2 protein chains.
Amino acid sequence: MSAALSPRPALSALDEDATTTRAIPPATVARLPVYHRVLTQLIDAGVETVSSEELAGACGVSSAKLRKDLSHLGSYGTRGVGYDVQFLAYQISRELGLTQPWGVVIVGAGNLGQALVAYRGFASRGFAVVGVFDCDPTVIGRDLGDPDHPVPVRQMDELEDLVGQGDAHIGVIATPATAAQEVCDRLVAAGLTSILNFAPAVIAVPEGVELRKVDLAVELQILAFHEQRRMEHPPAGGRTGTSTPVAESLGEAINA
Amino acid sequence: MSAALSPRPALSALDEDATTTRAIPPATVARLPVYHRVLTQLIDAGVETVSSEELAGACGVSSAKLRKDLSHLGSYGTRGVGYDVQFLAYQISRELGLTQPWGVVIVGAGNLGQALVAYRGFASRGFAVVGVFDCDPTVIGRDLGDPDHPVPVRQMDELEDLVGQGDAHIGVIATPATAAQEVCDRLVAAGLTSILNFAPAVIAVPEGVELRKVDLAVELQILAFHEQRRMEHPPAGGRTGTSTPVAESLGEAINA
DNA sequence: TAGATTGTTAATCGATTAACAATC
DNA sequence: TAGATTGTTAATCGATTAACAATC
């Protein structure tokens with residue numbers, strides 16, 4: 001156990017290259033996709049300019065937070081006017097890396113893996129599923145996703161080859177929990193440094209690899225926690241019919 | 001737009017009933033399911049006692065954070081010894097509300113909805129899918145999930161009836177983005193106060209309703225951001241082969 | 001110029017971390 | 001008693017918020 005406390009490089013907190021890249025706070029990065037999505041909807045709705053107050057309302061955050069977040073990217077607004085929707089959307093997409101195509105490898109072609117391949121929200125943001133792998137002979141060879149761009153399920157053997165070709169940038173783990181760590185190790189060994197884990201397992205990665213996790217059961221458990229609290233301490237005065245504090249005019253523009 | 005600044009009840013920040021319930025910080029609540037899962041695995045592995053150092057390692061957090069988190073629930077450890085695995089697992093599950101059964105209603109029986117119904121991680125934590133709804137006549141009536149406990153897809157009409165029966169506690173939105181807000185409104189109107197949204201849409205709920213969101217595309221975009229950073233500023237000195245800082249002995253116990 | 005709205009500052013709040021006294 | 005490990009304290013860090021000077 002003492003090995004867990006081994007001499008690491010003393011995490012030099014300010015690792016930032018003093019060159020170009022000002023660091024963007026993680027909390028801000030996590031919200032940028034939301035801003036980008038809403039801006040995209042505004043473009044579709046023909047809106048040309050938004051104020052921070054309006055955009056924040058449509059995104060479900062405070063305008064102060066929105067402006068603070070955007071200030072980390074640069075000064076892309078105009079005082080007294082607001083933000084040019086197209087321009088801001090572009091700046092955010094550039095910051096997020098959405099202006100270039102990304103290849104996604106999915107390991108596990110069960111229910112979840114199949115749903116992910118079929119998910120249209122990926123392609124629409126520049127993510128292409130370049131490979132799906134499974135070890136079950138009964139699914140290997142089957143075509144998944146859009147019949148116009150079918151993605152065949154391959155056997156695990158071919159994983160390293162495909163990643164080695166360089167078109168894959170992000171690995172997605174959609175296997176049972178038991179296989180997750182081993183699959184992750186293979187993805188990393190093959191050269192991937194960005195991993196999204198859907199398996200209900202805590203897995204470990206080497207330093208320098210970015211691992212994110214989506215755990216469906218965790219979300220439900222957190223909701224159960226709140227629901228239990230609510231049952232123990234019912235909201236005094238009953239449910240107030242008070243409805244959404246979200247910018248309504250913009251909401252209408254978006255839904256139009 | 002000025003209506004968005006309307007006089008709200010001045011969010012009385014300390015709403016806590018001074019009665020029983022000490023508030024648990026949200027950041028802590030979000031980690032409890034992870035602790036619980038690992039503890040369950042330790043039970044299965046026959047481990048009877050863990051130290052905070054060991055458990056933290058297996059969960060991927062620092063021992064200081066783990067102890068701080070647990071201190072919000074009570075004093076369930078023994079100085080000089082550690083934590084009784086079974087006892088701690090029980091305390092956490094009680095805190096999370098996992099000691100009682102929860103009914104889940106899923107709206108949307110597309111790829112994702114079907115994957116959710118089939119997901120075994122729900123039932124194993126006390127969540128039962130009590131209803132699945134869709135508006136597509138071609139899927140209505142079809143049986144989903146485990147053939148031993150099939151869940152028929154019902155038409156939307158029956159949503160309010162089912163929720164009204166009181167067996168449903170949590171609503172899950174697995175529809176296209178366009179339908180998400182309307183579906184959410186119906187779930188809330190029917191009486192649900194805990195909602196999990198998988199649709200790629202920003203939706204609004206009345207005060208008092210707990211809404212959580214899982215956005216697959218957002219996770220990929222955050223990974224793309226980091227991947228882009230990594231490509232612009234490659235890790236000096238190449239990839240260090242340094243592997244996982246995770247408790248290995250416990251990891252072996254868990255995987256045994 | 002007057003009105004509107006940004007970008008930034010300073011204050012507050014919450015979460016993380018390190019260290020250690022309490023205690024098994 | 002000596003060694004181990006918890007639960008808590010105090011210091012640090014990062015994120016949020018409110019307010020406003022800058023400026024269109």
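Remember, it's a predicted structure, so these values are computed and weren't measured experimentally. Values reported hereafter were calculated over all heavy atoms of this structure, with side chains retained and with hydrogens, waters and symmetry mates removed. Chain A is the first sequence line, chain B the second, and so forth, proteins listed ahead of strands; every chain is numbered from 1.
- At a non-hydrogen distance threshold of 4.0 Å, nothing from residues 83-94 of chain B comes into contact with DNA chain C.
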How would DNA chain D look in dot-bracket form, 5' to 3', counting Watson-Crick and G-U wobble pairs with both distances under 3.5 Å and writing | for bases paired to another strand? ..||||||||||||||||||||||
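- Donor-acceptor pairing under 3.5 Å is lacking for the side chains of A:Ser194 and A:Arg212.
- Other residues, nucleotides and ligands place more than 12 heavy atoms under 6.0 Å from the CD atom of A:Gln100.
- B:Gln228 and A:Glu95 share no side-chain donor-acceptor pair at under 3.5 Å.
- Taking 4.5 Å as the limit, some side-chain heavy atom of A:Leu196 sits within range of a side-chain heavy atom of B:Glu219.
- At whole-Å resolution of the value, CZ in B:Arg67 and P in C:dA21 are 15 Å apart.
- Only B:Ser75, B:Tyr76, B:Gly77, B:Thr78, B:Arg79, B:Gly80, B:Val81, B:Gly82, listed by number, bring a heavy atom of residues 73-82 of chain B to less than 4.0 angstrom from any atom of DNA chain D.
- Taking the side chain as every heavy atom from C-beta outward, A:Cys184 and A:Asn197 never approach each other to under 4.5 Å.
- Checked by atom type, the side-chain pair B:Thr193/B:Glu210 shows no donor-acceptor distance below 3.5 Å.
- Atom NZ of A:Lys68 and atom P of C:dA11 are 13 Å apart (whole Å).
- Rounding to whole angstrom units, CG of residue A:Asp69 and C1' of C:dT6 are separated by 15 Å.
- Around atom CD of B:Gln91, more than 12 heavy atoms belonging to other residues, nucleotides or ligands sit under 6.0 Å away.
- Distance, A:Lys65 NZ to C:dG7 C1': 18 Å, rounded to whole Å.
- For B:Arg31 and C:dT16, the CZ to C1' distance is 8 Å, given to the nearest whole Å.
- Atom CG in B:Leu70 sits roughly 10 Å away from atom C1' in D:dG7 (whole-Å rounding).
- Minimum atom distance to the side chain of B:Ser51 is reached by D:dT6, of the listed D:dT6, C:dT8, C:dA18.
- Between A:His72 atom NE2 and D:dT16 atom C1' the separation is 11 Å, expressed in whole Å.
- Checked against the 6.0 Å centroid threshold, B:Phe87 and B:Tyr76 count as a close aromatic pair.
- Between B:Ile170 and A:Ala224, the closest heavy-atom pair is CD1-N, 4.2 Å.
- Aromatic ring centroids of B:Phe122 and B:Tyr119 lie under 6.0 Å apart.
- Rounded to whole angstrom, the span from the CD atom of B:Glu53 across to the P atom of D:dT6 amounts to 9 Å.
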Run the salt bridge (charged side-chain N to carboxylate O under 4.0 Å, His left out) check on B:Glu53 and B:Arg67 step by step: do they pass? CA-CA 9 Å; B:Glu53 191 73 40; B:Arg67 288 199 300 278; 5.3 Å; no
